Amino acid sequence: MEKLKAVLKNKWFILVVSLLCSAYTICLCYFAYAVFFYNIAYINKTKFAVIYTVLSLLAGLLFFYTRRSFITCIISMVNMAVFFPTLLLDWGNWPLLVPAAMVTLFGFFCCKMNDTMKTIFGTIFLLLYILGGIAFFLIMNVFRVTTVDTLLTPIGGIVSPSGNFRCYALDVQNKSSGKIAVYVEPNKLDTDVLGCIRLETTIKKLVKQAIKENKDDALRYDIHWDGDLLFINGEEYFDEADFLSEGGSGEMAYNFTEDVWTHTYFNFDYPIFELIDMVTTLVSEKLLNNEEGIELPEDVTVTTIA
């Protein structure tokens with residue numbers, strides 16, 4: 001028993017154990033990445049909540065045991081920053097947020113850092129969460145055009161015969177007459193994690209968009225696949241061959257190098273961002289014209305004054 005106590009109190013053993021705390025940081029980084037590039041859908045929410053809660057409790061015990069290690073102090077600071085995007089982008093997903101928030105805060109307050117340093121970092125993180133949250137709220141609720149989207153196709157979309165792509169149509173209701181939007185997504189990039197959550201890809205391409213003249217326009221869309229081609233009301237709008245290429249192993253791989261594909265949730269209509277993009281485009285074109293030079297009419301004489 002005395003030998004066990006000696007081992008548990010050994011600073012080198014504590015240092016090694018503190019490295020295990022970084023596993024939870026990796027977990028937080030993984031979910032921060034997932035909420036930005038994927039839609040997290042639950043296969044079994046209860047199972048995920050139990051597994052993640054147990055892992056979080058174990059991580060909390062490790063943080064408490066190694067609270068005097070400088071590595072744990074550093075990891076605790078990193079966790080506070082890494083958890084922030086998950087909190088903003090997946091607000092309301094409590095099985096994911098609650099355990100992570102408890103471990104992150106517990107790790108920060110229990111670590112034995114200099115009081116002055118802890119106060120400074122605590123103030124920084126408090127401002128980050130408050131100001132960042134307010135800024136995110138303003139962007140998402142003030143500067144964004146609010147719409148109500150109704151899915152017109154079956155849940156899961158219409159999958160192509162090859163199984164490589166799926167498409168779906170949305171009835172987008174806004175302050176004007178509204179519009180119909182048809183999107184294509186890759187169908188083989190979804191990932192199952194632990195058999196309880198599915199990371200659904202947010203990569204998609206807008207293939208057709210049309211203003212509705214009346215409310216019945218949404219019912220007049222005939223969308224179907226014919227082999228590798230997608231037809232909407234009898235016209236071809238998408239060809240799988242344009243976005244599939246053969247990999248080194250001979251398997252077909254997706255090709256998303258073109259700008260027509262969006263890769264995150266942030267493909268909404270933001271008027272302020274559109275204005276910035278328009279100004280940037282005008283400035284770029286102006287600079288390009290100046291670099292290439294402008295041809296002068298023949299009857300114009302340029303005089304150089306020495």
Side-chain angles (χ1 to χ4, degrees), residues 34-43 89 140 143-192 198-247 251-275 277-278 281:
V35 297
F36 194 82
F37 291 102
Y38 293 90
N39 173 41
I40 299 179
Y42 287 101
I43 301 173
L89 300 179
M140 296 297 291
F143 299 117
R144 190 185 72 178
V145 177
T146 303
T147 63
V148 178
D149 301 342
T150 303
L151 185 65
L152 301 177
T153 48
I155 297 177
I158 304 174
V159 181
S160 65
S162 66
N164 291 318
F165 291 91
R166 58 180 180 247
C167 68
Y168 62 93
L170 293 177
D171 181 1
V172 181
Q173 302 176 26
N174 51 30
K175 293 181 180 179
S176 58
S177 59
K179 60 184 179 181
I180 304 296
V182 182
Y183 293 91
V184 172
E185 293 180 341
N187 192 50
K188 295 182 178 180
L189 296 183
D190 300 339
T191 305
D192 289 351
R198 176 179 294 112
L199 303 183
E200 299 177 346
T201 181
T202 57
I203 297 175
K204 60 185 178 182
K205 178 181 184 295
L206 178 64
V207 294
K208 181 176 176 58
Q209 181 175 249
I211 303 298
K212 290 193 303 181
E213 295 182 0
N214 56 69
K215 63 180 182 180
D216 295 328
D217 280 358
L219 305 176
R220 299 174 182 172
Y221 270 65
D222 175 30
I223 304 173
H224 68 276
W225 292 92
D226 185 0
D228 294 342
L229 305 178
L230 174 64
F231 288 88
I232 303 175
N233 291 344
E235 296 184 22
E236 179 188 329
Y237 278 87
F238 184 82
D239 186 351
E240 290 188 9
D242 294 336
F243 304 100
L244 284 175
S245 58
E246 187 174 341
E251 297 180 354
M252 300 303 293
Y254 292 111
N255 177 17
F256 301 130
T257 56
E258 295 188 19
D259 295 336
V260 293
W261 295 90
T262 60
H263 294 259
T264 70
Y265 285 126
F266 302 101
N267 59 334
F268 303 105
D269 296 324
Y270 293 96
I272 188 171
F273 291 168
E274 292 178 358
L275 177 61
D277 182 65
M278 181 180 67
T281 302

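Hydrogens, waters and symmetry mates are skipped; everything else that's a heavy atom, side chains included, is used. Nothing here was measured: the structure is a model prediction, and the numbers come from that model. For reference, positions follow the sequence shown, starting with 1.
- Under the ring pair (Phe, Tyr, Trp, His ring centres under 6.0 Å) rule, Trp261 has a single partner from Tyr183, Phe256, Tyr254, which is Phe256.
- In this structure, the side chains of Val184 and Tyr168 stay at 4.5 Å or more apart for every pair of heavy atoms.
- Heavy atoms only, all atoms of each residue included: Ala181 and Leu206 are closest at CB-CD1, 3.9 Å.
- The minimum heavy-atom distance between Phe243 and Lys205, with the atom names listed, is CZ-CE, 3.7 Å.
- Contact annotation: the side chain of Glu240 approaches that of Ser162 to within less than 4.5 Å [non-hydrogen atoms, C-beta and beyond].
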Practice problem: Might you work through the side chain to side chain contact (heavy atoms under 4.5 Å, CB included) test for Phe165 and Asp228, ending with a clear yes or no? | Solution: CA-CA 9 Å; Phe165 291 91; Asp228 294 342; over 6 Å; no
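- In summary, of the residues considered (Tyr237, Phe238, Phe231), a ring pair (Phe, Tyr, Trp, His ring centres under 6.0 Å) with His224 occurs for Phe231 alone.
- Taking CG from Leu230 and CD1 from Ile158, the interatomic distance works out to 8.0 Å, rounded to the nearest 0.5 Å.
- Note that OG1 of Thr202 and OH of Tyr38 are 8.0 Å apart. Values are rounded to the nearest 0.5 Å.
- Annotation for Pro161 and Gly227: closest pair CD-O, 3.2 Å, computed over non-hydrogen atoms.
- A 4.5 Å side-chain heavy-atom check between Gln209 and Ile180 finds every atom pair outside the cut-off.
- For the side-chain contact (heavy atoms from CB on, under 4.5 Å) with Val182, the qualifying choice from Ile232, Thr153, Leu152 is Ile232, the only one to do so.
- Between atom CZ of residue Arg198 and atom CG of residue Asp192 there is a gap of 4.5 Å, rounded to the nearest 0.5 Å.
- Between the OG1 atom in Thr201 and the CD atom in Glu185 there is a gap of 6.5 Å [rounded to 0.5 Å].
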Self-check item: Asp149/Lys179 under salt bridge (charged side-chain N to carboxylate O under 4.0 Å, His left out): CA gap, chis, key distance, verdict
Solution: CA-CA 10 Å; Asp149 301 342; Lys179 60 184 179 181; over 6 Å; no
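- Rounded to the nearest 0.5 Å, atoms CG (Asp171) and CG (Leu151) are 10.5 Å apart.
- Counting heavy atoms from C-beta on, the side chains of Leu199 and Asp190 never come closer than 4.5 Å.
- In this structure, the side chain of Asn233 engages the main chain of Asp222 through a donor-acceptor pair within 3.5 Å.
- Closest approach of Ala41 to Glu200, counting heavy atoms only: CB-OE2, 3.6 Å.
- Counting only heavy atoms from C-beta outward, the side chains of Ile223 and Cys167 approach each other to under 4.5 Å.
- Residue Leu229 holds its CG atom at 4.5 Å from CD of Glu236, rounded to the nearest 0.5 Å.
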